[in-house]
J.: 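Got a structure for you, questions after.
On a predicted model such as this, the values are computed, not experimentally measured, just so you know. Quick note: numbers below take in every heavy atom, side chains included, and nothing from hydrogens, waters or symmetry partners. Letters go in sequence order (proteins before strands), and every chain restarts at 1.
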Protein chains: 2
Amino acid sequence: MPNIKKIAEMAGVSISTVSRVLNNHPYVNEQKRKEILSIIEKLNYSQNSNAVHLVRGKTNVIGVVLPFVNHQYYSAIIEGISRMAAKHHYNIMLCQTGYSPEKEIEVLDMLKMKKLDGVIICSTINGWQELEKYVKFGPIVTCEDTVSSYMSSVYIDHYKTFALGMEYLIEHGHRRIGYCVGRKNSINSLNRKQAYLDALSSIQVMPKEEWGFVDCFTVEDGTRVVQSLLQMKERPTALLVSCNHIAAGIVKAAPKSGLSIPGDLTIIGCDDQQIAEILEITTIAHSSVDVGAGAFTLLHDHITKKNKETKKIELFPKLTKRLTT
Amino acid sequence: MPNIKKIAEMAGVSISTVSRVLNNHPYVNEQKRKEILSIIEKLNYSQNSNAVHLVRGKTNVIGVVLPFVNHQYYSAIIEGISRMAAKHHYNIMLCQTGYSPEKEIEVLDMLKMKKLDGVIICSTINGWQELEKYVKFGPIVTCEDTVSSYMSSVYIDHYKTFALGMEYLIEHGHRRIGYCVGRKNSINSLNRKQAYLDALSSIQVMPKEEWGFVDCFTVEDGTRVVQSLLQMKERPTALLVSCNHIAAGIVKAAPKSGLSIPGDLTIIGCDDQQIAEILEITTIAHSSVDVGAGAFTLLHDHITKKNKETKKIELFPKLTKRLTT
DNA sequence: CTGTTAGCGCCTTCAA
DNA sequence: TTGAAGGCGCTAACAG
């Protein structure tokens, strides 16, 4: 592999001059520039990124941290990030954590080690207090609501999401309402639960422990919920579900067990996965692609120092009524 | 930011010694090792990856090239790659090309520029002859069938896939058969078409041009297919569809237009997207996660020189009968 | 067991 | 408009 020195030798100039044409600097004799370019061409030379990164102190690579790549909520976010990143000539290091705290830290360490110019955290397991320790190594943007004043974020207030859903259900006469969320104690789950509890309390209804389902992530989890429902003496008439894939599982499994939807069971899902459209599931959604695009923009502004202060961008989901309500 | 020199100074040793403890080399006084470690801890130091990459000549990063991230066929492949990569301490650079030839070349250039240790191409737009030019810069593995003897691949022979589907349809009495594929002239599409034509010719049926749909990628394309079908004087009784998302669009749209499935129209999809399971679509599938995992393994073996010769791994999909046939 | 030294490939003053 | 020289931060012989 040729290097800059070799090119310089062949062109009979110094490596500085070669460097100048490589980086489109002015003050290079047009004749020499042409000559150098042709040699570069002939030798099929290109810069060694690692050397460039080392000397420049940046890589034009950002890290994207998420629990599961093969999950449409996240792949939509990646889509948004990808589009914007391509526009600004940034590359994406994709890091699937499976919600392992260590894996998340590993990525943050890559920031510290200058392998990454910045990081977007789609969903954290360590929590923002931990993330905060790394902002001194480079900008971090989250796609979740964080209280931290050191990190920008694009987020949805899931208290509002669930509040919106509960309002709809209550307005439509439901009193026996249940819900499904993912990780039991994540910020988002806790917010959702609070909205649920507050709404019930506003109509003087006591929440029923067994109607709150946790650890729901996939279609299979949805069918599991239906199984549980069938065992109950008293069943909810409606379910507010934090993700459409779970909702899809419920919607497919319920009729097979004799529960008609929305007759016996009303379902409201969340997010903008296409499955909701296909199965005609009522959903409360925002654009996940926009989340990703927004996160990249915030991050990019920080990297390029366009803005120093952190920024919080809230996205407001809205309810689309379809056939499960 | 502290560097190795600073650590050496503070510990009163040379940078070599620090480097040794950093890389777990033997022959370091246990006392000094402890001391150095504690200073590293105190200063919250860590190596500069770019310097390490430069001097080692590798980055432990591989590139993954695909047209669309937000498409379940590809996100499943990424899942497979991610899992294996994590196991071997490799990172993934994700590159969405949108089938732009230039974007694909950009990634290959990153291989040339030592930013990447290897590349996995999930679907190429430039074609294998072009890719081949880059193997001298590092190993390239594809998830498509390539004739190249310079690149390993994990692939499905889509001639066989469609042949399998046609056989099923013909056995079940269909004679008026159509098909849907993605890019009109991609290798895979051409292979599929050939299988289709060969099957028809084997039963002495003349193919009908308008029953071959191209540029089908999404659910919406599926509904578009149904629109076209409705305009036809003579309609096919069955459709072999290269991707379940298109099939999903057809399955949802058809009944709304009075075409019952499988009564008026039999549908066979392809690949293992969950949507097929949910909508009970008969499909011809292999595990896409396995494709990714296999591709990484091949690539890793090349990077670590475990095997020099290229290897071709063929995966055989099988037909799962459900409710659309 | 430890330090010196020579790179890895490139960018960027500085002086000419 | 050009070149020399000094890093960027680290690894790896080599010599002690």
J.: Would you say a side-chain N or O of B:Thr17 is under 4.0 Å from OP1 or OP2 of C:dT2?
T.: no
J.: Check for me whether the distance between the ring centres of B:Phe296 and B:His88 falls short of 6.0 Å.
T.: yes
J.: Flag the pair A:Tyr99 / A:Phe68 as yes when their ring centroid distance falls below 6.0 Å, and as no otherwise.
T.: yes
J.: Are the side chains of A:Asn3 and A:Ile7 in contact, using a 4.5 Å heavy-atom criterion?
T.: no
J.: With a 3.5 Å cut-off and no angle check, do the side chains of B:Asn44 and A:Lys112 form a donor-acceptor pair?
T.: yes
J.: If a stem is a run of at least 3 consecutive Watson-Crick or G-U pairs, both distances under 3.5 Å, which stems include DNA chain D?
T.: C:1-16 with D:1-16
J.: Is it true that atom NZ of A:Lys58 has more than 12 heavy atoms of other residues, nucleotides or ligands lying nearer than 6.0 Å?
T.: yes
J.: Could you give the start and end, 5' to 3', of the contact zone on DNA chain D for chain A, using atoms under 4.0 Å from its heavy atoms?
T.: D:dT1 to D:dG9
J.: With no hydrogens and no angle check, do the side chains of B:Glu144 and B:Thr142 hold a donor and an acceptor under 3.5 Å apart?
T.: no
J.: Quick check on A:Lys312: does its NZ atom have over 12 non-hydrogen neighbours (other residues, nucleotides or ligands) under 6.0 Å away?
T.: yes
J.: Mind checking if A:Lys114 touches a base, just sugar-phosphate, or nothing, with heavy atoms under 4.0 Å?
T.: nothing
J.: If we ignore angles and hydrogens, is there a donor and acceptor under 3.5 Å between the side chains of A:Ser19 and A:Ser16?
T.: no
J.: For the residue pair A:His302 and A:Ser152, establish whether any side-chain heavy-atom pair is separated by less than 4.5 Å.
T.: yes
J.: Are side-chain N/O atoms of B:Thr97 and B:Glu104 paired as donor and acceptor at under 3.5 Å?
T.: no
J.: At under 4.0 Å between heavy atoms, which parts of nucleotides 8-13 of chain C does protein reach? Answer with one letter per nucleotide, 5' to 3': B base, S sugar-phosphate only, - none.
T.: BBSBB-
